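Below you'll find the structure, written out as structure tokens, and then a few comments.
Read the numbers this way: they start at 1 and go in the same order the structure lists the ligands and their atoms. The structure presented is a predicted model; accordingly, all values stated were derived computationally and were not measured.
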Amino acid sequence: MATEGAATAVPSSSGVSGLDLVKLTKVFPGGGVAVSDVNLHVDHGEYVVLLGPSGCGKTTTLRMIGGHEFPTSGDILLDGESLVYMQPHKRPTTTVFQHFALFPHRTVLQNVEFGLKMHGVGKEERRKTSLEALEMVGLEQLSDRYPRALSGGQQQRVALARVLVTKPTALLLDEPLGDLDRLLQLRMRVELRNLQRQLGLMFLHVTHNQEEALSMADRIVVMNDARIHQIADPLTIATKPATELVARFMGDNNIIRGKVVEREGTRLVVEDDHGVRVSVQAPGEATSVGEPAMVAVRAAAVEVVENVGGPALNSAECEIVFVEFLGDLVKLHLTVGGERMLAKVPGERYPSFRGREGEKIRISWREDDGQLLHA
Ligand SMILES: Nc1ncnc2c1ncn2[C@@H]1O[C@H](COP(=O)(O)OP(=O)(O)OP(=O)(O)O)[C@@H](O)[C@H]1O
Ligand SMILES: [Mg+2]
């Protein structure tokens with residue numbers, strides 16, 4: 001582990017296209033390790049979301065890329081060139097913006113021009129380029145308005161234009177949709193994603209919102225406690241969590257913790273203390289009979305089989321604890337010998353479960369829906 005506060009970053013060169021974080025580490029003086037040994041490659045034009053619980057090191061990672069924080073060790077390369085010793089304003093390729101805050105006393109055009117003014121661009125050029133950026137986000141008609149006379153979504157687009165005007169290679173976005181009401185958030189997800197596709201720019205977006213990450217990213221990087229736990233496309237993150245942390249953080253996963261009781265080729269059978277037995281395909285795993293193991297099964301992959309009794313593998317007899325109606329879905333909170341389990345069934349089935357708390361049901365799932373977890 002790197003020593004506290006010691007700046008030992010060594011620039012290097014790889015000749016690779018895109019952004020590379022190489023063993024990136026940040027230890028705050030007197031504080032803990034905020035980012036530990038982070039390795040990540042992001043391609044040009046890629047939309048990558050850094051996702052993780054509060055305090056896991058997302059903002060610190062972004063601030064190091066933007067030049068607002070100096071790494072304790074490791075390197076940050078853009079197209080093979082190290083950015084570590086470059087001043088933030090000299091990193092024309094990356095720009096950070098947070099919470100889309102606009103200057104209230106400046107017009108839309110003046111807000112957008114501000115970024116260029118900071119770069120020492122002349123008046124005429126500033127005006128022309130800013131109007132072009134406003135056109136990109138579809139707001140050239142509103143250039144003379146003040147921010148207070150814009151909707152939340154329009155304000156965000158102005159803030160985007162203000163960043164785009166400096167023609168960055170990569171955009172760094174820290175919780176960009178965090179302050180918005182839910183409907184606007186949903187709309188801005190689509191707008192931001194569309195804009196990113198149109199522009200073909202690299203976006204690095206930080207959030208602690210799972211749904212936002214799943215709906216926007218080409219790839220998701222799940223962090224916890226300063227480290228990367230998994231890097232994968234949204235479908236893989238949602239259906240094949242690599243670690244217990246990812247399974248828990250993504251939510252709505254049943255985690256069956258027990259011991260391996262059978263092993264046949266690449267197939268393992270894990271049994272927990274309550275007799276729940278789950279089979280899972282785990283190629284390349286060395287786990288043998290008698291060893292502890294953990295398996296995740298998504299709540300959405302769990303089916304309700306009304307009859308109690310029946311086969312025991314990939315199935316469990318449960319008691320309904322609580323029936324939660326979520327519109328499109330019904331979440332059944334279940335218990336198996338004191339262990340909580342979840343099943344998500346289509347909303348149409350709500351009438352058949354309403355008021356059935358305390359009743360016994362059987363649930364089952366397919367072997368393919370089991371996922372062996374690492375600690
Ligand atoms: N300037 C600082 N000095 C000391 N510790 C810091 C400093 N900035 C951040 N930290 C610590 O580093 C860790 C990571 O912080 P960071 O802001 O990167 O988290 P985050 O993932 O962005 O969290 P959130 O989702 O709450 O914004 C936290 O434990 C935080 O307290
Ligand atoms: Mg943060």
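If you run side-chain contact (heavy atoms from CB on, under 4.5 Å) between His229 and each of Ile237, Asn224, Val221, only Asn224 comes through.
Look at Arg257 and Glu339 and you find no salt bridge, because none of the NZ, NE, NH1 or NH2 atoms lies under 4.0 Å from a carboxylate O. Between Arg227 and Asp225 there is no salt bridge, since no side-chain N of the basic residue sits under 4.0 Å from a carboxylate O of the acidic one. At a threshold of 4.0 Å, the pair Lys259-Glu271 does not count as salt-bridged, since none of the basic side-chain nitrogens sits closer than that to a carboxylate oxygen. Between Asp75 and Lys23, no side-chain nitrogen of the basic residue sits less than 4.0 Å from a carboxylate oxygen of the acidic one, so the salt-bridge criterion is not met. A salt bridge links Arg277 to Glu262: at least one charged side-chain nitrogen sits closer than 4.0 Å to a carboxylate oxygen.
Within the structure, the salt bridge (charged side-chain N to carboxylate O under 4.0 Å, His left out) test picks out the following pairs touching residues 342-358 (sequence neighbours left out): Asp252-Lys344, Glu306-Arg349, Glu306-Arg356, Arg356-Glu359. Applying the ring pair (Phe, Tyr, Trp, His ring centres under 6.0 Å) test to pairs two or more places apart or on separate chains, those with a residue in residues 183-223 are Tyr47-Phe203, Tyr47-His205.
Protein N/O/S atoms nearer than 2.8 Å to the Mg ion (ligand 2) total 1.
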Every pair of nitrogen or oxygen atoms between ligand 1 and the protein that is under 3.5 angstrom apart - can you list them with their distances to 0.1 Å?
unit_1   : atom_1 : unit_2 : atom_2 : d
ligand 1 : 18 (O) : Thr59  : N      : 3.4
ligand 1 : 18 (O) : Thr60  : N      : 2.9
ligand 1 : 18 (O) : Thr60  : OG1    : 2.6
ligand 1 : 19 (O) : Gly57  : N      : 3.4
ligand 1 : 21 (O) : Cys56  : N      : 3.2
ligand 1 : 21 (O) : Gly57  : N      : 3.0
ligand 1 : 21 (O) : Lys58  : N      : 2.9
ligand 1 : 21 (O) : Lys58  : NZ     : 2.9
ligand 1 : 22 (O) : Thr59  : N      : 2.9
ligand 1 : 22 (O) : Thr59  : OG1    : 2.7
ligand 1 : 23 (O) : Gly55  : N      : 2.7
ligand 1 : 25 (O) : Lys58  : NZ     : 2.8
ligand 1 : 26 (O) : Ser54  : OG     : 2.5

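Asp174 places no side-chain N or O within donor-acceptor distance of the main-chain N or O of Thr59, the cut-off being under 3.5 Å.
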